[in-house]
Amino acid sequence: MPVGGLVPRAVENAADVVVRNAKIHTGDARRPEAGALAIRDGLITAVGADADVAPLIGPATTVVDALGRRVVPGLNDAHLHVIRGGLNYVLELRWDGVTSLRRALAMLREQAARTPKGQWVRVVGGWSAEQFAERRLPTPAELNEAAPDTPVFVLHLYQSAILNRAALRAVGYTADTPDPRGGRIVRGRGGEPNGMLLAAPSALVLYSTLAKAPALEGEDRRTSTRHFLRELNRFGLTSAIDAAGGFQNFPENYAAVTELAREGLLTLRIAYHLFPQTPGQELADLTRWIETVRPGDGDEWLRLNGAGENLTWAAADFENFAEPRPELDSYEGEFEKAVRLLMEHGWGFRLHATYDETIRRDLAVFEKLAAEGLFPAGNRWLFDHAETVSPDSLDRIAALGGALSVQNRLSFQGEVFARRYGPGAAAEAPPIRAMLDRGLTVAAGTDATRVSSYNPWVALHWLVSGRTVGGTALRPRQNRVDRRTALAMYTTAGAALTGEQDVKGVLRPGCYGDLAVLSDDYFTVPEQDIPDIESVLTIVGGRIVHAAADYEGMDEELPAVSPDWSPVARFGGYQASGRGSAPAAGARQAELLGEVVAESELHRHWRVERGLATAHTQPFDPCFLL
Ligand SMILES: [Zn+2]
C-alpha cells in the first residue's frame, strides 16, 4: 500500500513490514500506546510514531496503513484442541455464531444434499441451544427431514449427540446394542435407539460414536489443518497451546502439523502437550515419551510444552454440567506415579480438573511430592478449567507455584450450570478475580472445538461481561475483568505458560512480529459488540497470514479446500453476524462516505451562517439530492 509523502529509497536495516497510522496497544507497560511499528526477519525492530519508522521503509518494505485502526498483539489461546481440530475442520459444518435453529437446519439440509454417498454431515461443537432464537436443540425428526439418506451427527456440548436414522444405521446401533459405561443410548418403544445419545456423565459415548465416521487422509489432512489455522488467524490468533485430547495419538496425529512446520507453512505458533491415550497404560506411554522427546524441544513455531491435559484417565472429571458431578474412584496411586515420573525427568504438565473436589485430591498428591522436594522441582505446571476451585485450593496452588488456564465453557453451558448449582455458584465459576488477586498466572482460552467456539472474541466478551452466548448474566462485576486485563490473559499470560514471556504477547523491539489489525476498536466498542470483532490483517513473524476488507489479497496463498464438497468450502467457519465491520468492506466504505457527507453538510451550515455561502449552494450534484 503506497504511503503519501514518502519516497522509498535504499536504507540500512530496512523493515520487511511497517504498520503505520495505527492505534497500537503494545501490552508493554513501558510504552503502552504507539502509532507505528516495524518488523524485520520476523522480529519487531521499532515501535513509536510514524516518523520513527519512516526511515526504516525501503523499496521492498510492505507498508500497511492501518487507517487509524486498533492494533493488538497476536492472541494466544492457552487451551485449544488445535491439532485435532485441524484434522477434522473441513469435514465439519460449523454452527458457531448461527443465531437461529431455522438457519442452522437450512445449512444442514443444503450440506446433506452436497455430501457424497458414504460421507457424513457432522456438527461438532462450537454452539449451544441458548444462542438460537428458538432456544432449543433440533430433534431427530428434524434431522431425518433435513437429511433422509446422509448420516448426520450433531454434538451438543459434552452433553448429548443427535443422530438421524441414516447415522444410526451407519454406526449399527440397534435394540441389542448395550449402553456404554457412563453413557446412554436413548430408546423408544421396543428398545430401538431414537437418535439421542447422552453423556451420563462420560462423553465417551459421544466421541466413540463420532470416531466411526470417515476421517480425512493424507494431503487433505494438511490442507484441512492449514484452513483451520487460517480461520483462527481470521480472529487475530497467532499462537495456541494445544491441550492434546482423546483420540489424539502421538506421533501419528501430530504428523500434519509437523510436516507443515518443517515446510514453514504453519500460520499459528503451536506449543503442544502429550496425553496418554489408553487407560491402564499411562505410565508406559509417559515413560516411552520421556525417552523420546524433551519439553522445550522444537522451535518458536512448534514446541513440546509437557504432558497433559490428562495424565491418567481415572483422574479426569467430566464437565457435563447437565449431570451431577462424577464421583471418581481412587486414582491417587497411579496418578502419583505419573507426576513423580514427570518431575524426576524435568517435565512440566497441565492438568484437566473441573471441580474443586478433584483439585483438592490432586493437590494432596502434589503436596506429598513437594515434601520430598520433588514438586514442582523447577517445572511449569497448571490446572485447566477449575470452574469450582475454592479460595483454599487457590492458596495451595499459589504455594506450589502453579498457574491456571480458564476457558469460556460457561459461555455455552452457563444456563445449565446455573440451573444445577444456583446463581451463587455460577457467579464464581470460575473465580477469576480471586485467582488474579493472588498473583497467579491466569491464561485464557476456549477449549474449542467440541464445546466452545474457537472465536477468541466470544471468550473475551465472556471475561469482560460475565455473560453467556444466550445473554444470561452469570458473573457479577466483582468477578469480571476489564478489557485490558482480559487481553493480557489472552496474550502475555499464555506466553508465560510456555516460557516465552520475553518474546511473545507484547509489541516491543526484540519480540515476535505477531499482531492483529482489528475491524473495530476492542477498547471502545459497546460491550455487546465485542463478539463481532474480527481481524482485518493478521501478521505472524512478519508474514501476512490473514487479510480482509481494505487489505484483501495481501495474505499468503492457500490451496483450495479439499474435498470440494466440504461444508467449509460452502459456508466457511464461524458465521459472522454481519454487525462487525470486518467482512463488509462495502458497508464500511458506505459508512465512511456517510460521515464525510455529514461533515460536508455541517460545514455548509457553518458557511451559510457566516454569510460565506447561500443556503442554495449545494456541495453535490443536484441529482444526488433528488
Ligand atoms: Zn479439559
Side-chain angles (χ1 to χ4, degrees), residues 77-85 124-126 128 155-159 182 199 201-208 210 240-250 253 270-277 279 282 305-323 325-326 328 331 335 338-339 348-359 361-363 380-389 393 397 402-414 416-417 429-430 432 435 442-454 459 462 494 497:
D77 187 323
H79 188 123
L80 181 64
H81 295 279
V82 58
I83 294 175
R84 187 178 64 198
V124 188
S128 148
L155 179 77
H156 182 239
L157 311 172
Y158 286 139
Q159 295 174 16
S202 165
L204 200 65
V205 59
L206 313 177
Y207 296 155
S208 54
L210 178 59
I241 313 178
D242 190 87
F247 300 99
Q248 181 172 316
N249 290 297
F250 175 78
N253 291 143
I270 300 173
Y272 60 94
H273 285 253
L274 295 181
F275 176 138
Q277 290 293 317
E282 294 96 334
N305 197 49
E309 64 176 296
N310 275 3
L311 303 180
T312 59
W313 276 100
D317 55 2
F318 293 104
E319 59 279 30
N320 179 359
F321 298 122
E323 292 279 330
R325 179 180 64 77
L328 302 182
Y331 62 79
F335 181 72
V339 178
F349 64 86
R350 67 188 312 159
L351 185 60
H352 164 109
T354 305
Y355 301 98
D356 192 53
E357 288 80 353
T358 320
I359 290 170
R361 290 172 63 174
D362 297 337
L363 284 168
R380 279 192 304 271
W381 73 276
L382 66 123
F383 274 116
D384 280 304
H385 315 311
E387 268 89 358
T388 70
V389 66
S393 294
I397 293 168
L404 288 142
S405 138
V406 297
Q407 303 79 34
N408 61 317
R409 306 196 303 187
L410 291 202
S411 283
F412 298 84
Q413 303 181 90
V416 261
F417 185 95
I432 295 168
M435 294 171 177
V442 188
T446 58
D447 198 10
T449 56
R450 288 180 169 175
V451 168
S452 305
S453 172
Y454 45 76
W462 172 80
L497 295 189

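Order of listing sets the numbers, starting from 1, for every ligand and every atom in it.
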Original post:
Which residues pass the side chain to side chain contact (heavy atoms under 4.5 Å, CB included) test with T388, sequence neighbours left out?
Top reply: Y355, D356, E357, F417

Original post:
Hey, are the side chains of H352 and D317 touching, using non-hydrogen atoms and a 4.5 Å cut-off?
Top reply: yes

Original post:
What distance do S452 atom OG and Q407 atom CD have between them, rounded to the nearest 0.5 Å?
Top reply: 7.5 Å

**OP:** Would you give the length of the straight line joining atom CG of L206 to atom CD of Q159, rounded to the nearest 0.5 angstrom?
**Re:** 9.5 Å

**OP:** Below 2.8 Å of the Zn ion (ligand 1), tally up the protein N/O/S atoms for me.
**Re:** 3

Original post:
Does the side chain of H81 come under 3.5 Å of the side chain of D242 through a donor N or O and an acceptor N or O?
Top reply: no

Original post:
Looking at V451, T354, L410, which hits side-chain contact (heavy atoms from CB on, under 4.5 Å) with E319?
Top reply: T354

